[in-house]
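Notes for the one structure printed next.
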Amino acid sequence: MLERLFKLKEKNTTVKTEIVAGITTFLAMAYILGVNPAILADAGMNASSVFLATAISAGFASILMGVLANYPVSLAAGMGVNALFAYTICGTMGMSWAAALTAVFISGIIFILVSVTGARKAIINAIPNQLKLAIGAGIGFFIAFVGLKNAEIIIADASTFVTLGDVASPTVLLAVFGILLTIALVIRKVPAAVFIGMLITAMIGIICGQVFGIKGMPVLPTSILDTSFQMDGAGAFMHGFDELFKNPMNAFVAIFSLLFVDFFDTAGTLVAVGNRVGLINEKGELVNAEKALLADAIGTTVGAMLGTSTVTSFVESTSGVEAGGKTGLTACTTGILFFVSILFAPLILSAVTNAVTAPALVVVGIMMAQQLKGIDWDDLIFATSGFITVIAMILTYSISNGIALGFIAYTVAMIASKRIKEIHPTVWVLMVIFVLNFALASFI
């Protein structure tokens, strides 16, 4: 059944490899189970309810992606878009969290429609191949930066914006150890090197905390199981329609912003994963993209119904890809673990810390950055657009902003080179959308 469903032999993989890859992806994504409830709680939501909604929506959407599209891509409530939900829509714009969930639900419905019609696939396939490579490499730098930041190896600085963290801190030292260990395992071509690196890092951290009493280390929980479930946010989106559309302009801004961030974060992730596992055909198009995009859209809609912010394809899926994942069985494994996590929340949230996930994110970032070699750096059009895509993702801390600015740079460079006729019509449409998005961002 697994062979028929996931085409394991055709993809040159095994059940064992796919399961290990799924576990690796889950461990790299598990932080969302703690972070998302904390962020949405700032919007007034119940953290326990959000935790449950986050786990269920991630499990459902990941399994749907695996079965429907056979992609090794897992989904969960997205970082960045949850901050947009809590601090912009609910904070700056003053909407209730129920109205914000309504906006998420509507954006999901719109995504389903454009995915079914093929418009979403057409837009992604219109991205020039050189830019696809830049997007993949840029996401590599981005997730490595996320890992370094979360582990506090890199910290904020008033004078230089960012600087080196406290290298004497035990948690920083644990993360650095994990990164170096994982790099060594990858170089030695150890099977499931990323997963093993995370596992060893966690074990050493627990030992340092339990035996030597070092603070901030991963710890064993006081209780393993948690069966106290509640879902206050389920169905709450139905009560937000009146409030959302009291101000049509605010409603448009909220829905458009959610659409924009989710669309291009997802596009970037699918392109990055596609480049790594051979899902880009000779025409530079994503294979079976419409099903993957539909799974993503349905995930957003179901997430809103359960009571969480936009569910999107997670770039951390690349950690599972680097562990050998090539099919939807990887995503299904991750999805099952999200469901299991509902019971074992105390264990996951205490043992999987930022110091443990940082090695996976940094090492995967290194691997993804290798796509830079495919860019024609002698052609200033691609050198310019590629460079701006990469640097903007890191410095604006946004995949979607990096893609937008890279597209703008590409269009301007093509015009300057008098190659206007070579610009795909879809690119012109995207240019208008990108400019409109930045204009709306300044409005709110």
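Note that the structure is a prediction, hence the values are computed from the model and not measured. Excluded from the calculations below are hydrogen atoms, water molecules and symmetry mates; all remaining heavy atoms, backbone and side chain alike, are included.
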* To do: Answer yes or no: does atom CZ of F387 have more than 12 heavy-atom neighbours from other residues, nucleotides or ligands under 6.0 Å?
  => no
* Asked: Judged by modelled atom types alone, do Q371 and N275 share a side-chain donor-acceptor pair under 3.5 Å?
  -> yes
* To do: Can you sort out the partners of D379 under salt bridge (charged side-chain N to carboxylate O under 4.0 Å, His left out), two or more places apart, ordered by chain and number?
  => R419
* With sequence neighbours left out, write down each residue that passes ring pair (Phe, Tyr, Trp, His ring centres under 6.0 Å) with F105, or none if nothing qualifies. => F237
* Just by distance, with hydrogens left out, do S169 and T171 show a side-chain donor and acceptor under 3.5 Å apart? -> yes
* Residue of the set T333, I23, T327 for which side-chain contact (heavy atoms from CB on, under 4.5 Å) holds with E18 -> T327
* Ignoring hydrogens and angles, state whether a donor on the side chain of N36 or T54 is under 3.5 Å from an acceptor on the partner side chain. => yes
* Heavy-atom closest pair, residues T25 and S74 -> CG2-OG, 3.7 Å
* **Sole residue of V172, L164, I155, I154 in side-chain contact (heavy atoms from CB on, under 4.5 Å) with L148** => I154
* Apply the side-chain contact (heavy atoms from CB on, under 4.5 Å) test between I179 and each candidate in L361, V362, T201; give the one that qualifies. => V362
* Asked: Do any pairs count as a salt bridge (charged side-chain N to carboxylate O under 4.0 Å, His left out) and have a residue in residues 22-42, sequence neighbours left out, and if so which ones?
  -> none
* Establish, yes or no, whether a centroid distance under 6.0 Å links the rings of F142 and Y397. => yes
* Asked: Among T334, V73, L270, whose side-chain contact (heavy atoms from CB on, under 4.5 Å) with S317 holds?
  -> V73
* Structure fact -> Nearest heavy-atom approach of L174 to P218 is CD2-CD, 3.7 Å
* Closest heavy-atom contact between I298 and F60? -> CG2-CE2, 3.9 Å
